Amino acid sequence: MDVSHLLDELNEAQRKAVTTESKHALVLAGAGSGKTRVLIHRLAWLIQVEHVSPHSILAVTFTNKAAGEMRERAQDLLQVSTRSMWIGTFHGIAHRLLRMHWQEAGLPENFQILDSDDQHRIIRRLIKEEGLDEAHWPARQAQWYINARKDEGQRPDAIEHMGNPMTAQWVRIYELYQASCDRAGLVDFADLLLRAHELWLHHPSLLDHYRSRLSHLLVDEFQDTNSIQYAWIRMLAGDDGSVLVVGDDDQSIYGWRGAQVENVQHFRRDFTDVQVVKLEQNYRSSGNILEAANALIANNEDRMGKKLWTADDKGAPITLYSAFNEQDEARFVVEQIEQWLGKGRRANEAAIVYRTSAQSRLFEEYLLKASIAYRVYGGQRFFERAEIKDALAYLRLIQNPNDDAALERVINTPTRGIGQKTISILRLQARESSLPMWQAAQECARQNLLPARALTALQVFMSLITDMRERMQDFTLGNQVQGVIEDSQLVSHYEKEPTEKMESRVENLRELVNAATAFVLPVEDADAGMDDLQSFLSHASLEAGETQGEAWDDCVQLMTLHSAKGLEFPMVFIVGLEDGLFPHQRSVMESGGRLEEERRLCYVGITRAREHLCLSHAEVRRMFGSESHCRPSRFLNEIPSELIQEIRPRMQVQRPWVGARSPEYPKPSSIKQDWPFSLGETVSHKKFGSGTVISFEGSGEHTRVQVNFNHAGAKWLVVAYANLTRS
DNA sequence: TCCATTGACGTTTTT
DNA sequence: CGTCAATGGA
């Protein structure tokens with residue numbers, strides 16, 4: 001068979017990875033080096049050249065987006081159905097296994113997935129019930145503790161607390177939480193992975209079956225795997241499975257979430273016959289940008305070591321703007337974007353990237369003022385909205401009345417006279433008898449433990465749920481959702497809210513009905529024995545849906561550095577490069593590689609840029625209400641200065657004085673009006689060619705401008721005589 | 001039950 | 001400075 005189409009467009013290193021004859025392969029793929037392409041082509045190679053059955057391939061990623069993209073691209077390249085291939089996220093695949101083998105996994109058939117919000121509520125409630133001081137034992141920390149233990153594969157009984165009362169207390173909370181989830185048939189995200197691992201651990205015959213079936217494993221973003229994911233891969237691979245992992249240790253930015261970069265090193269140790277391939281040719285960024293990235297990341301120790309290079313030119317210099325304060329920074333960035341647009345470039349080619357999400361606000365403000373459309377990544381997701389979760393909670397109760405998280409959510413939403421008192425009686429009863437709350441409620445009714453009024457209210461609620469279930473048994477999914485929203489009277493409940501919010505909430509509920517109506521039960525879910533409702537609910541938890549806006553909208557993109565990973569833009573602004581903000585204060589203080597992770601984050605940011613990279617920092621920034629002077633980020637010093645062109649206004653006006661609040665305070669933007677050009681603008685000169693405006697001086701006919709010419713270097717020119725033109 | 005005021009707190013986020 | 005959650009009064 002002619003396989004040239006699989007190799008033709010690959011470079012040598014990529015080919016080596018795709019055609020490897022070693023049993024295992026570790027592909028160290030630098031940013032923009034075509035790692036997804038390698039993964040896809042390897043997949044196709046296995047099928048078309050090595051004649052591996054698609055049925056035997058498992059490809060895992062971290063995000064649904066990546067999984068979807070992989071399936072799509074594989075489909076395109078192979079021109080055969082990818083349906084029989086297992087392509088998905090770790091969580092998605094674990095979930096599927098648990099649905100198929102719920103009995104062996106010790107789960108009820110109708111178990112539900114608990115998202116982190118629900119998890120938080122449960123834990124908080126539990127800590128209260130225990131009578132613990134919430135200031136001393138914050139639910140957030142307990143949640144973090146539990147998830148961290150699960151990510152390490154530890155169940156409560158396996159944790160040694162060695163007499164440490166602190167640890168003992170956390171373990172106790174973990175135990176209580178787990179018991180409460182088990183009673184309710186709830187499985188949290190970390191539990192999906194842990195249980196999938198335990199499923200094989202405790203059922204060797206099942207493991208054998210999957211080992212012989214899934215003989216070829218492909219793992220994307222390997223540097224982000226945590227202990228349990230790594231253990232799971234190892235277990236599945238066994239002695240005979242073949243594993244190819246792709247990752248970049250320099251882009252490991254999720255250590256704080258349990259990701260173990262060490263897995264990249266361990267892979268070579270734990271697997272035999274591993275071919276290591278480094279992909280270092282970059283197809284994304286210009287030479288200057290890559291050089292900056294290389295120089296920066298070289299400051300990290302313990303790297304596998306890679307050096308990106310490109311066949312392209314050096315490209316435009318990296319620009320650096322030192323703003324007076326965060327307002328000035330935002331103003332500058334927006335002005336640059338206006339120029340970008342003025343050159344006929346598109347808004348969605350530009351991205352503003354920052355360390356903390358709170359930083360987006362000012363940029364939004366200035367973009368709004370300039371009437372430039374923008375989109376902020378990482379807002380609230382569709383299935384996480386309160387009204388959607390309420391509606392889903394009713395559906396979950398229909399599916400599984402023991403789902404305590406769902407019951408607590410809607411037992412009094414809309415208000416139906418079941419107050420805190422009644423609910424705590426139910427909880428108490430549930431705890432004492434180790435029953436889910438639904439059954440505890442029945443018990444309370446039977447034993448007459450409630451005042452008449454509360455009892456009536458409770459019975460109204462319970463029959464509402466029971467009636468819904470019976471009435472809607474044969475409904476289509478869309479009608480079920482519609483029916484639940486009607487019967488629960490959620491719409492009129494939300495209509496009582498202040499106008500603006502209410503409209504979008506009601507609109508969202510309508511959208512939920514649309515989503516349910518359009519939902520098609522995926523074949524693999526049907527295979528795993530799920531019905532429409534169960535599959536829909538699982539999807540809602542596992543992929544909480546689009547953040548907001550459509551990616552293809554022509555908007556300036558605003559996002560944190562974390563969410564920028566995997567994306568690329570012709571024009572990238574990395575803002576807020578100040579010590580304390582980026583690197584973040586908390587990372588500077590804590591040791592243990594935190595600072596190196598920040599540096600990797602910066603590396604990720606830099607390597608998002610294709611043509612233009614613009615860095616900025618503010619000298620004064622208002623944080624938590626008070627102003628603070630900020631040193632430029634140490635990362636700026638780690639980028640060779642010859643790659644950076646500083647754009648620095650030489651204001652005739654005094655620098656804005658700190659804390660000035662007078663309204664007539666001269667804003668940099670109003671000063672700019674007098675100047676024919678703006679900072680950073682590209683201009684051209686008859687003799688010197690084109691260059692960038694980097695500074696101003698004087699006013700009126702004496703205005704001088706400093707231009708850094710691409711060939712002639714930096715020059716001061718009197719605007720009145722120089723005859724500069726915009727380009 | 002609902003609204004208003006007060007108080008604590010303040011990375012990064014996908015599943 | 002802003003947000004969110006908890007508390008307390010009507």
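Every chain is numbered from 1, with letters handed out A, B, ... down the list of sequences. What you see is a predicted model; the values in this text were computed from it and never measured.
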Report task. Calculate the interatomic distance between L97(A) atom CG and dT15(B) atom C1'; express it in whole Å. Result -> 16 Å
Report task. Between dA5(C) and dT12(B), how far apart are the P atoms? Round to whole Å, please. Result -> 15 Å
Requested in this report: Return yes when atom CD of E72(A) has more than 12 non-hydrogen atoms of other residues, nucleotides or ligands closer than 6.0 Å, and no otherwise.
Outcome: no
Requested in this report: Take atom CD1 of I146(A) and atom P of dT15(B), then tell me their distance rounded to the nearest Å.
Outcome: 22 Å
Report task. Determine the contact category for R124(A): base if any of its heavy atoms lies under 4.0 Å from a base atom, sugar-phosphate if only primed atoms, P, OP1 or OP2 are that close, otherwise nothing. Result -> sugar-phosphate
Report task. Please check the phosphate of dC2(B) (OP1 and OP2 only) for any side-chain N or O of T415(A) closer than 4.0 Å. Result -> yes
Requested in this report: Give, ordered by number, those residues of residues 85-95 of chain A having at least one heavy-atom distance below 4.0 Å to an atom of DNA chain B; if nothing qualifies, reply none.
Outcome: T89(A), H91(A)
Query raised in the report: Roughly how far, to the nearest 0.5 Å, is CD of E597(A) from NE2 of H584(A)?
Result: 13.5 Å
Query - Atom pair distance, as rounded to whole Å: CZ in R586(A) and C1' in dT12(B) - result: 11 Å
Requested in this report: May I have the distance from K128(A) (atom NZ) to dT7(C) (atom C1'), rounded to whole angstrom?
Outcome: 11 Å
Requested in this report: Could you check how far CE of M589(A) sits from P of dT11(B), rounded to whole Å?
Outcome: 12 Å
Report task. Would you indicate whether W144(A), at its atom CH2, is surrounded by more than 12 heavy atoms from other residues, nucleotides or ligands within a distance under 6.0 Å? Result -> no
Query raised in the report: Which part of the nucleic acid, if any, lies within contact of S587(A), taking any heavy atom under 4.0 Å across all strands shown: a base, the sugar-phosphate backbone alone, or nothing?
Result: base
**Report entry** Per E384(A) side chain, nearest of listed nucleotides dT15(B), dT13(B), dT11(B)
**Finding:** dT15(B)
Query raised in the report: Out of L192(A), L193(A), V187(A), which one pairs with F189(A) under the side-chain contact (heavy atoms from CB on, under 4.5 Å) rule?
Result: L192(A)
Query raised in the report: Distance check: side-chain N/O of S357(A) vs OP1/OP2 of dT12(B), anything under 4.0 Å?
Result: yes
Report task. Tell me whether the OP1 or OP2 atom of dT1(B) has a side-chain N or O from N412(A) closer than 4.0 Å. Result -> yes
Report summary line: Those residues at least two apart in sequence (or on a different chain) that pass salt bridge (charged side-chain N to carboxylate O under 4.0 Å, His left out) with E69(A) are R73(A)
Report task. Consider only side-chain N and O atoms of Q251(A) and Y603(A), and report whether a donor and an acceptor are under 3.5 Å apart. Result -> no
Report task. Map E598(A) and L542(A) onto DNA chain B by nearest heavy atom, then report which one ends up closer to the 5' terminus. Result -> E598(A)
Query raised in the report: Under 4.0 Å: is that the gap between some side-chain N or O of N64(A) and OP1 or OP2 of dT15(B)?
Result: yes
**Report entry** Distance, nearest 0.5 Å, that separates CZ of R416(A) from CG of L458(A)
**Finding:** 10.0 Å
Query raised in the report: How close or far is atom P of dT14(B) from atom CE of M559(A), stated in whole angstroms?
Result: 12 Å
Report summary line: Taking dA5(C), dT14(B), dT13(B) as options, the one with an atom nearest any side-chain atom of H562(A) is dT13(B)
Query raised in the report: Start at the 5' end of DNA chain B and walk down; is the nucleotide closest to S563(A) or to G417(A) reached first?
Result: G417(A)
**Report entry** Value in whole Å for how far the P atom of dT15(B) lies from CZ of R195(A)
**Finding:** 22 Å
Query raised in the report: Is any N or O donor-acceptor pair between the side chain of R355(A) and the base of dT12(B) shorter than 3.5 Å?
Result: yes
Query raised in the report: Which part of the nucleic acid, if any, lies within contact of E221(A), taking any heavy atom under 4.0 Å across all strands shown: a base, the sugar-phosphate backbone alone, or nothing?
Result: nothing
Query raised in the report: Should we count CD of E130(A) as having more than 12 external heavy atoms under 6.0 Å?
Result: yes
Query raised in the report: So what does F624(A) hit on the nucleic acid, given a heavy-atom distance under 4.0 Å: a base, only sugar-phosphate, or nothing?
Result: base
Query raised in the report: Can you tell me how far C1' in dA6(C) sits from the matching atom in dT11(B), rounded to whole Å?
Result: 24 Å
Requested in this report: Write down the distance between CG (D117(A)) and C1' (dT14(B)), rounded to a whole number of angstrom.
Outcome: 14 Å
Query raised in the report: Does the side chain of N412(A) come under 3.5 Å of the side chain of Q420(A) through a donor N or O and an acceptor N or O?
Result: no
Query raised in the report: Does OP1 or OP2 of dG10(B) have a side-chain N or O of R622(A) closer than 4.0 Å?
Result: no
**Report entry** Test log, rule ring pair (Phe, Tyr, Trp, His ring centres under 6.0 Å), inputs F582(A) and H617(A)
**Finding:** CA-CA 10 Å; F582(A) 187 29; H617(A) 67 95; over 10 Å; no
Report summary line: Sorted by number, residues from residues 572-585 of chain A placing a heavy atom under 4.0 Å from DNA chain B are H584(A)
Query raised in the report: Can you say whether the rings of W200(A) and Y210(A) are parallel (under 30°), tilted (30 to 60°) or perpendicular (over 60°)?
Result: tilted
Query raised in the report: If only side-chain N and O atoms of T560(A) are considered, is one of them under 4.0 Å from the OP1 or OP2 phosphate oxygen of dT11(B)?
Result: no
Requested in this report: Ignoring the backbone of R381(A), work out which of dT12(B), dT11(B), dT14(B) is nearest its side chain.
Outcome: dT14(B)
Report task. State the syn/anti category of dT12(B) according to its glycosidic angle, syn meaning within 90° of 0. Result -> anti
